[in-house]
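Inspection log for the structure reproduced underneath, given as structure tokens.
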Number of protein chains: 2
Amino acid sequence: MNARPTITDVARTAGVSVATVSKAINGRDGVSAATHAHVLRVVAELGYESSLVATSMRRGRTNVIGVLVAEFEPFALQLLRGVSTALQDTPYDVLAYAGTVSSGDHLGWERRSLSRLGGTLIDGAILVTPTSTPAQSSVPIVAVDPHTGADGPATVAVHNFDGARAATEHLISLGHRRIGHLRGRTDLESAHQRERGYRAALDAAGIPFDQALVVEGGYRAASATAGSHALLDLDDRPTAVFAANDLSAIEMIGVGTERGLRVPQDLSVVGFDDIPEAASNVPQLTTVRQPLATMGAVAVRILLSMLDGGEPEHIRLPAELITRSSTMPPTR
Amino acid sequence: MNARPTITDVARTAGVSVATVSKAINGRDGVSAATHAHVLRVVAELGYESSLVATSMRRGRTNVIGVLVAEFEPFALQLLRGVSTALQDTPYDVLAYAGTVSSGDHLGWERRSLSRLGGTLIDGAILVTPTSTPAQSSVPIVAVDPHTGADGPATVAVHNFDGARAATEHLISLGHRRIGHLRGRTDLESAHQRERGYRAALDAAGIPFDQALVVEGGYRAASATAGSHALLDLDDRPTAVFAANDLSAIEMIGVGTERGLRVPQDLSVVGFDDIPEAASNVPQLTTVRQPLATMGAVAVRILLSMLDGGEPEHIRLPAELITRSSTMPPTR
DNA sequence: CTGTTAGCGCTTTCAG
DNA sequence: CTGAAAGCGCTAACAG
């Protein structure tokens, strides 16, 4: 638990100045070969590593990319995996940060995290499902599955509308007519597009829209509980539900099962995302796949390009319906 | 892309000194109520957030817990999720860091990351599957699934021996006699214990040990490819394989399938970990579950206690065999 | 080639 | 109650 050695310790041990150590370590010239070797030997001996913090403070660049999330949920985790893989053979390290918003804070977590880390700690940031994208930022940003009306900053997302329509059409093609929708986080663009896709599919099939069938899900298990119950409390309850993401779909199934319904016999459920948990759920979830690893890689590509002076880009990738066991024709 | 406001900007705008702003923000006394309110107003107006880096540099504490990993693979990701959840209602933020080891670096990634971040950025660290645990560290550490012979620092792990024995016994009870083993990362204690558990089960069943049936898997898909082929290249190939973790089990299945074998009809495979991907694999993987979320939570509890002056602890949790569809009696 | 100095943004004595 | 000044570890001028 003794303190880590600092550059000063190295300098003292090596019998040279701090500046010389710095130069030697960073390969700057102006250091004799002998001194250079000697310093490196002492560095190895002491097990010295420069402090990211101090370096960051002084120098602009840190060669660290930040992935800023509100919470480490499966969507963010899978994306992180993609980002990390894409950064494998670059000189960049990955730093993922989940900042808690102090209650009563009107700024979003993304703004706060970005401000705290973006000072100097990270060279660029990937924001995962940000509620708002700070217009002013000291580092380049790429937003993944961004908030409503993303325009300025670079973004990566899937074709949410198409995916949601495909999911709903799947239910309709199975014969469902009374289809509920567990809505997503309404501060995100994706939630709106998925709801629009749902409605478009209903319209195309000539199924009248029923406001009572649309309830809040909020993309999280906890926030989907009430909505799930509400749907099942309806006099004429839906025979199928399109949940705006997998976590709420799984919660929907849990609530249904708890109330004695069998999925898919009594209730079909479709999710969105295709997180690993979707396929491991019982029953396995029919869902709309987002290519999360690819999205992470694309975000990295854009960010690196921006770091290199490139322009922000807006990329939208296709979503694909994956049919598994949580859906079947209605039995009533 | 404009620079973030610094404390100096706030001070200038508010017409007070930097010191006063600092006191006001941190609730130190020695600031009049009026000044305090005024400063906070300016802070809000400018959207100021203190720089983690600068604060960290000056102050000891940052209220940030670091999760240090070599790579964001599923094991680390699930653990991270547990850590993050456990830290939910504490004042701590979570920072996950994947440091790349520069080639030719003899120090492990954990040593490097710890040294770079532990200077001041994080108050404590959770090391995920560290190859070595630095004896000297400036912050408290908890190692999860640690290297061989962990003794000093706090550790969290499962009963690897028991879990591995249960997995192997499961195969034996199905009637398998020729059982291969895809070994784990030999620098980790868990790999050795799992191999010991495998051998103990064979011994207990009176099955002679065959060195040719034990090959390297390294806990990663890429490093398990060669071993998987080696096992199937054997003249008298195994009818079942106990892979030291799920990633290598899934790779084993992939290699087998590619070579025209059906799993489990032609080859039974058991994994270890129960990452979400285990249940979503086709066929669903029989495996030994590690309670990853719990392990993360336990690591957090120990770390917080150490931060509070508590002693390092060594916790070992039970592992549980989960029977799914990748195992069945041998057909030949 | 080497060392001295200033300063990144912030907190903390210590004077006023 | 407020501000000036020092210093955390490091790097980048600039002198010697």
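Chain letters run A, B, ... following the sequence lines, proteins first and then strands; every chain starts at 1.
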| message | Tell me whether the side-chain N/O atoms of A:R28 come closer than 4.0 Å to OP1 or OP2 in D:dA12. | response | yes

| Quick one: A:M57 CE to C:dG7 C1', roughly how many Å, whole number? | 9 Å

| query | Can you check side-chain contact (heavy atoms from CB on, under 4.5 Å) on B:Y97 and A:V64, steps first, answer last? | reply | CA-CA 10 Å; B:Y97 191 80; A:V64 175; 4.1 Å; yes

| note | Atom CD1 of A:I7 and atom P of C:dG7 are separated, to the nearest Å, by 19 Å

| request: Would you please test A:E71 and A:R185 for salt bridge (Lys or Arg N to Asp or Glu O under 4.0 Å) and show each step? | output: CA-CA 14 Å; A:E71 186 186 355; A:R185 261 176 53 188; over 6 Å; no

| query | Atom CD of A:E49 to atom C1' of D:dG9: distance rounded to whole Å? | reply | 14 Å

| query | Within less than 4.0 Å of OP1 or OP2 of C:dC1, is there a side-chain N or O belonging to A:T20? | reply | no

| query | Is B:T55 near enough to C:dG9 that one of its side-chain N or O atoms lies under 4.0 angstrom from OP1 or OP2? | reply | no

| message | Base, sugar-phosphate or nothing for A:N26? Non-hydrogen atoms, less than 4.0 Å. | response | sugar-phosphate

| query | Tell me: NE2 of A:H36 to P of C:dT2, nearest whole Å? | reply | 11 Å

| task | Starting at atom CZ of A:R61, determine the distance to atom P of D:dT11, rounded to an integer number of angstrom. | result | 15 Å

| said: On DNA chain C, compare the nucleotides closest to A:V18 and B:V21; which residue's is nearer the 5' end? | reply: A:V18

| said: How many whole angstroms separate atom CD1 of B:I25 from atom C1' of C:dG9? | reply: 11 Å

| message | Check this one for me: any side-chain N or O of B:T6 less than 4.0 Å away from OP1 or OP2 of C:dG9? | response | no

| message | Quick check on B:R301: does its CZ atom have over 12 non-hydrogen neighbours (other residues, nucleotides or ligands) under 6.0 Å away? | response | yes

| query | Side-chain N or O of B:T35 less than 4.0 angstrom from OP1 or OP2 on D:dT2? | reply | yes

| request: Take A:V53 and B:K23, find for each the nucleotide of DNA chain D with the closest heavy atom, and name the residue whose nucleotide sits nearer the 5' end. | output: B:K23

| query | How many Å lie between CZ on A:R4 and P on D:dC8, as a whole number? | reply | 13 Å

| task | May I have the distance from A:Y48 (atom OH) to D:dT11 (atom P), rounded to whole angstrom? | result | 6 Å

| Side-chain donor/acceptor of B:R58 to base of D:dG7, under 3.5 Å | yes

| task | Examine distances only and state if a side-chain atom of A:E110 and a backbone atom of A:T133 form a donor-acceptor pair shorter than 3.5 Å. | result | no

| For A:S17 and C:dG3, is the shortest distance between a side-chain N/O and OP1 or OP2 below 4.0 Å? | yes

| request: Describe the nucleic acid contact of B:S22 in one word from base, sugar-phosphate, nothing, applying a heavy-atom distance below 4.0 Å. | output: base

| query | Going from OG1 on B:T155 to NE2 on B:H314, what distance comes out if it is rounded to the nearest 0.5 angstrom? | reply | 4.5 Å

